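To start, the structure under review is shown below, and the notes come after it.
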Amino acid sequence: MKKELDSLYRSIDQKGKAAILKNQFADPYLCRLKPDSRLGLTLLARLPVHVGRNIGYAQQKLRTANPNLYCYPLADLHLNVLNLIEARTDFSLAPADLAAYQNSIKELLANCRPFSVMLQGLIASPSGILTVGYYSDELFELRKALRLKLAKDLPLVDHYQTASGHVTIARFEAPLNDPNGLLCDLDEMGQLRFGSFVVKQVDLVIADWYNHDVKVIDEYALAALS
């Protein structure tokens, strides 16, 4: 699994660094040039305080040369377990369909164990800055089981094949002041350890693109015995 994730992260990083060198960013939503009404349905995990605090230190360093980076507030940081419906402007979900998601997920997660995550290093992506994340087999199996069950029971499910264990910590709001400086910072923090933790609960939420305006629909404990 680590080998596959390393390959995935290298690919993302190469594309992200190429985008940074072009420095043609202009996010109309972050710049408030247009209202952002995008919403989606996501199953996510929260980060513990010590990991969020370590990420906050990295965000401060990244913004030193590039203050126009949009850095996620610590309360908004999260790990996507599975994007069920990708955030979009025409998001709509009938109460009966939402209840079906809740019931299906509750039934499946009753048999799932906690999973461990380690966040170490930063990489670029074409739209932002990510922490590199590695996770235990339990998350891989959980995702596979969710896709099989929800795709069968709920045709609304988005078949976005989440594979990484990253956490997005910053996005590009506008052209950078110092793109080369950002690349240097990313290289310096390429192996920085943000911490390890065990995920014992996941939340089903309706949230905006940046996970800032969040409505928690349900919470699920991962407590199945080995």
Side-chain angles (χ1 to χ4, degrees), residues 1-6 8-9 12 40-59 72-87 101-123 125 128-150 157-158 160-170 191-212 214-226:
M1 175 61 69
K2 185 178 185 302
K3 183 177 180 181
E4 289 81 1
L5 286 174
D6 281 336
L8 173 62
Y9 291 134
I12 294 172
L41 185 68
T42 302
L43 197 63
L44 57 77
R46 309 288 182 179
L47 305 187
V49 173
H50 75 281
V51 173
R53 182 173 59 245
N54 292 338
I55 289 173
Y57 296 146
Q59 289 174 322
Y72 277 61
L74 300 188
D76 299 353
L77 295 170
H78 64 284
L79 171 72
N80 275 354
V81 174
L82 199 68
N83 287 320
L84 304 174
I85 301 176
E86 195 81 348
Y101 272 111
Q102 290 177 263
N103 293 334
S104 293
I105 293 170
K106 181 179 180 180
E107 179 182 340
L108 188 146
L109 294 188
N111 299 312
C112 289
R113 292 176 291 171
F115 59 89
S116 60
V117 178
M118 179 184 73
L119 299 180
Q120 178 177 335
L122 295 181
I123 61 172
S125 81
I129 307 300
L130 317 178
T131 64
V132 171
Y134 299 95
Y135 51 84
S136 60
D137 290 342
E138 287 83 0
L139 176 55
F140 175 81
E141 295 299 331
L142 185 157
R143 283 172 167 168
K144 182 169 69 172
L146 281 168
R147 289 191 189 103
L148 288 173
K149 182 172 183 59
L150 296 177
V157 70
D158 190 324
Y160 174 65
Q161 296 294 306
T162 306
S164 77
H166 73 271
V167 174
T168 302
I169 71 167
Q191 295 300 318
L192 187 63
R193 290 180 177 270
F194 296 105
S196 300
F197 55 100
V198 176
V199 175
K200 299 179 180 180
Q201 176 181 301
V202 296
D203 297 345
L204 179 66
V205 304
I206 293 176
D208 65 358
W209 187 267
Y210 307 102
N211 202 55
H212 186 64
V214 179
K215 178 181 179 181
V216 178
I217 303 302
D218 216 338
E219 300 173 343
Y220 306 93
L222 305 178
L225 299 176
S226 301

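Because the structure is a prediction, the values reported are computed rather than measured.
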Exercise. Given side chains that start at C-beta, do those of D76 and V214 come closer than 4.5 Å, heavy atoms only?
Worked result: no
Exercise. Do L43 and Y220 come close enough that some side-chain heavy atom pair is under 4.5 Å?
Worked result: yes
Exercise. Are L108 and L146 close enough that some pair of their side-chain heavy atoms sits under 4.5 Å apart?
Worked result: yes
Seminar exercise, completed: Taking every heavy atom of G165 against every heavy atom of L119, the minimum-distance pair comes out as O-CD2, 3.8 Å
For this session: For residues Y9 and H166, report the shortest heavy-atom separation together with the two atoms involved.
Result: OH-N, 3.5 Å
Problem set entry | Inter-residue atom distance L8.CG - I123.CD1, 0.5 Å rounding | 7.5 Å
Seminar exercise, completed: For A58 and F194 the tightest heavy-atom approach is CB-CE2, 3.8 Å
Problem set entry | Pairs involving residues 42-55, ordered by first then second residue, that meet salt bridge (charged side-chain N to carboxylate O under 4.0 Å, His left out) (sequence neighbours left out) | R46-D203
Exercise. Side chain to side chain donor-acceptor pair (under 3.5 Å) with Y210: which residues, sequence neighbours excluded?
Worked result: D27, R38
Seminar exercise, completed: Which of V216, L82, L84 passes side chain to side chain contact (heavy atoms under 4.5 Å, CB included) with L204? It is L84
For this session: Output all residues satisfying side chain to side chain donor-acceptor pair (under 3.5 Å) with N211, sequence neighbours left out; order by chain, then residue number.
Result: H78
Seminar exercise, completed: CD1 of I85 to CD1 of I206, rounded to nearest 0.5 Å, is 8.0 Å
Exercise. When rounded to the nearest 0.5 angstrom, what distance separates OG1 in T131 from CG in L122?
Worked result: 7.0 Å
Exercise. Rounded to the nearest 0.5 Å, how far apart are CD of E141 and SG of C112?
Worked result: 9.5 Å
For this session: Using the test salt bridge (Lys or Arg N to Asp or Glu O under 4.0 Å), find all partners of K3 that sit at least two apart in sequence or belong to another chain.
Result: none
Exercise. What pairs with Q59 under side-chain contact (heavy atoms from CB on, under 4.5 Å), at least two apart in sequence or on another chain?
Worked result: I55, C71, Y72, L74, L77, I169
Seminar exercise, completed: side-chain contact (heavy atoms from CB on, under 4.5 Å) filter on N103, not counting sequence neighbours, yields none
For this session: Indicate the atoms forming the closest heavy-atom contact of L5 with S164, along with that distance.
Result: CD2-CA, 4.0 Å
For this session: With sequence neighbours left out, write down each residue that passes salt bridge (Lys or Arg N to Asp or Glu O under 4.0 Å) with E4, or none if nothing qualifies.
Result: none
Seminar exercise, completed: Those residues at least two apart in sequence (or on a different chain) that pass side-chain contact (heavy atoms from CB on, under 4.5 Å) with Q120 are M118, Q191, R193
For this session: Check V117, V81, L44 against V199 for a side chain to side chain contact (heavy atoms under 4.5 Å, CB included) and give me the one that passes.
Result: V117
For this session: Please name all residues satisfying salt bridge (Lys or Arg N to Asp or Glu O under 4.0 Å) with K215, sequence neighbours left out, ordered by chain then number.
Result: none
Exercise. Got a sec, which residues hit side chain to side chain donor-acceptor pair (under 3.5 Å) with D137, two or more places apart in sequence or on another chain?
Worked result: none
Problem set entry | K200: salt bridge (Lys or Arg N to Asp or Glu O under 4.0 Å) partners, not counting sequence neighbours | none
For this session: Measure the CD-CG distance between Q201 and L109 for me, rounded to the nearest 0.5 Å.
Result: 11.0 Å
Exercise. Taking atom NE2 of H50 as the centre, does the number of heavy atoms from other residues, nucleotides or ligands within less than 6.0 Å exceed 12?
Worked result: yes
For this session: Go through the structure and list residues passing side chain to side chain donor-acceptor pair (under 3.5 Å) with Q102, not counting sequence neighbours.
Result: D218
For this session: May I ask you to establish whether R143 and Y135 are in a cation-pi arrangement, using a distance under 6.0 Å from NZ or CZ to the six-membered ring centre and at most 45° from the ring axis?
Result: yes
Exercise. In Å and rounded to the nearest 0.5 Å, what is the OG1 to CG distance from T168 to N80?
Worked result: 7.5 Å
